[in-house]
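Single-structure report; data block below.
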Amino acid sequence: MSNIKFNLGGIGKGSEYKTVNLAEICDIEANIMNLDSFCDDGTVDEFFLSHTLEHIPVTEYKKFLQHMLRKLKVGGKIKIIQTDIGKLIKMWVDGKIFFRTMRALVFTPATRCESNILQQHQSMWSQEELIKDFQSIGMNAEGFDAGFWQYDVEDDILPEETKKDFGKDIPNLGVIATKV
């Protein structure tokens, strides 16, 4: 039996995961909030979300986690990689990045949302807090080292400040939650 794996919010085709997004260049062109449109309860081996979970509306967040849980097989996993807001704020407090750099990652700049409002960040977590969210819905959860990404986000009003931080390593969080 083949593994059923979905990359929610991913782009492209033909990897180990079926990509699901509203873009035509995906394996499945669908809204990731409507899991019923492309998978049945208890059938999924893994959901992968890379820099996607922070775009889920806060009013739908808990329901979305529970919906993914319902779709998983026992032993199925949810793997999350995204910016670790706790480490990002520490970088700002320690003077390693400018305030506007930190702010642009917490509150998506308007220019990034103009062409696609779904780019707007709705929530952010530290690794520890995201683990607690998954545990609260009955999953086993643990962190892993998800590395970094290179900063490249301009502030809408003072882009020269954020450009000074371009190329700096921004820490990701990594969480794997398993259905028991």
Side-chain angles (χ1 to χ4, degrees), residues 1-90 105-108 116-149 169-180:
M1 183 176 212
S2 65
N3 284 336
I4 298 174
K5 295 181 174 185
F6 295 105
N7 178 344
L8 301 181
I11 298 290
K13 294 181 179 183
S15 74
E16 71 174 296
Y17 297 94
K18 293 280 186 195
T19 56
V20 182
N21 205 325
L22 292 172
E24 290 180 18
I25 58 170
C26 295
D27 294 307
I28 301 170
E29 188 177 348
N31 183 336
I32 66 169
M33 297 296 293
N34 186 6
L35 300 176
D36 291 330
S37 71
F38 58 89
C39 62
D40 295 323
D41 290 358
T43 62
V44 177
D45 293 286
E46 185 176 330
F47 288 112
F48 175 62
L49 293 85
S50 179
H51 296 273
T52 300
L53 191 61
E54 64 265 35
H55 301 281
I56 301 300
V58 294
T59 56
E60 300 296 318
Y61 171 67
K62 183 177 180 183
K63 186 172 23 174
F64 181 68
L65 293 184
Q66 293 169 329
H67 201 181
M68 284 192 295
L69 175 60
R70 192 174 74 243
K71 296 296 178 182
L72 289 172
K73 297 176 181 176
V74 172
K77 299 182 183 312
I78 301 171
K79 183 177 181 180
I80 307 287
I81 296 174
Q82 68 184 52
T83 301
D84 186 318
I85 194 64
K87 290 180 181 177
L88 180 72
I89 291 171
K90 183 165 179 10
L105 297 180
V106 175
F107 304 105
T108 312
N116 181 355
I117 193 62
L118 299 176
Q119 289 287 329
Q120 185 175 12
H121 287 163
Q122 300 284 320
S123 296
M124 298 293 277
W125 298 265
S126 67
Q127 186 176 57
E128 297 78 15
E129 292 301 316
L130 187 55
I131 287 170
K132 288 187 334 189
D133 284 1
F134 281 113
Q135 290 170 339
S136 77
I137 63 166
M139 297 184 78
N140 288 337
E142 61 185 8
F144 67 91
D145 182 353
F148 299 86
W149 63 277
D169 287 340
I170 303 299
N172 286 321
L173 62 79
V175 172
I176 294 179
T178 306
K179 182 174 183 174
V180 290

Item to check | Interatomic spacing from NE2 in His121 to CD1 in Ile85 - rounded to 0.5 Å | outcome: 9.0 Å
Checklist entry - Pairs in or reaching into residues 12-26: which pass salt bridge (charged side-chain N to carboxylate O under 4.0 Å, His left out), with residues at least two apart or in two chains? => result Lys5-Glu16
Checklist entry - Counting only heavy atoms not in Phe144, do more than 12 sit closer than 6.0 Å to its CZ atom? => result yes
Checklist outcome for this item: Sequence neighbours excluded, the answer for salt bridge (Lys or Arg N to Asp or Glu O under 4.0 Å) partners of Lys62 is none
Checklist entry - Taking the six-membered ring where the residue is Trp, are the ring centres of Phe6 and Phe38 under 6.0 Å apart? => result yes
Checklist entry - Given Asn172, which of His51, Gln127, Gln82 fulfils the side-chain hydrogen bond (donor to acceptor under 3.5 Å, both in side chains) condition? => result His51
Checklist entry - Rounded to the nearest 0.5 Å, how far does CG of Leu65 lie from CD1 of Ile137? => result 5.0 Å
Checklist outcome for this item: Interatomic distance, CZ@Phe64 vs CG@Leu8, rounded to 0.5 Å, equals 5.0 Å
Checklist entry - What pairs of residues pass the salt bridge (charged side-chain N to carboxylate O under 4.0 Å, His left out) test when at least one of them lies in residues 31-40, not counting sequence neighbours? => result Asp36-Arg70, Asp36-Lys71
Checklist entry - Please walk me through it: do Phe107 and Gln120 pass side chain to side chain contact (heavy atoms under 4.5 Å, CB included)? => result CA-CA 7 Å; Phe107 304 105; Gln120 185 175 12; over 6 Å; no
Checklist entry - Hey, is CD on Glu60 packed in by over 12 heavy atoms from elsewhere, all under 6.0 Å? => result yes
Checklist entry - Is a side-chain N or O of Asn7 found less than 3.5 angstrom from the main chain of Thr19, in a donor-acceptor match? => result no
Item to check | Heavy-atom check, side chain of Met139 versus side chain of Ile78, under 4.5 Å | outcome: yes
Checklist entry - Where the side chain of Thr52 meets the backbone of Leu49, is there a donor-acceptor pair that is under 3.5 Å apart? => result no
Checklist entry - Are the side chain of Lys179 and the backbone of Leu72 linked by a donor-acceptor contact shorter than 3.5 Å? => result yes
Next on the checklist: Between Asp45 and Lys73, does the salt bridge (Lys or Arg N to Asp or Glu O under 4.0 Å) criterion hold? Intermediate values first, please.
Outcome noted: CA-CA 6 Å; Asp45 293 286; Lys73 297 176 181 176; 3.3 Å; yes
Next on the checklist: Classify the ring geometry of Trp125 against Tyr61: parallel below 30°, tilted from 30° to 60°, perpendicular beyond 60°.
Outcome noted: tilted
Checklist entry - Got Leu173 and Thr83 here, is their nearest side-chain heavy-atom distance under 4.5 Å? => result no
Item to check | Pair Ser126-Glu129, side chain to side chain contact (heavy atoms under 4.5 Å, CB included): steps then yes or no | outcome: CA-CA 5 Å; Ser126 67; Glu129 292 301 316; 3.3 Å; yes
Next on the checklist: Under a 3.5 Å distance rule, please check whether Asp169 uses its side chain to pair with a backbone N or O of Phe148 as donor and acceptor.
Outcome noted: no
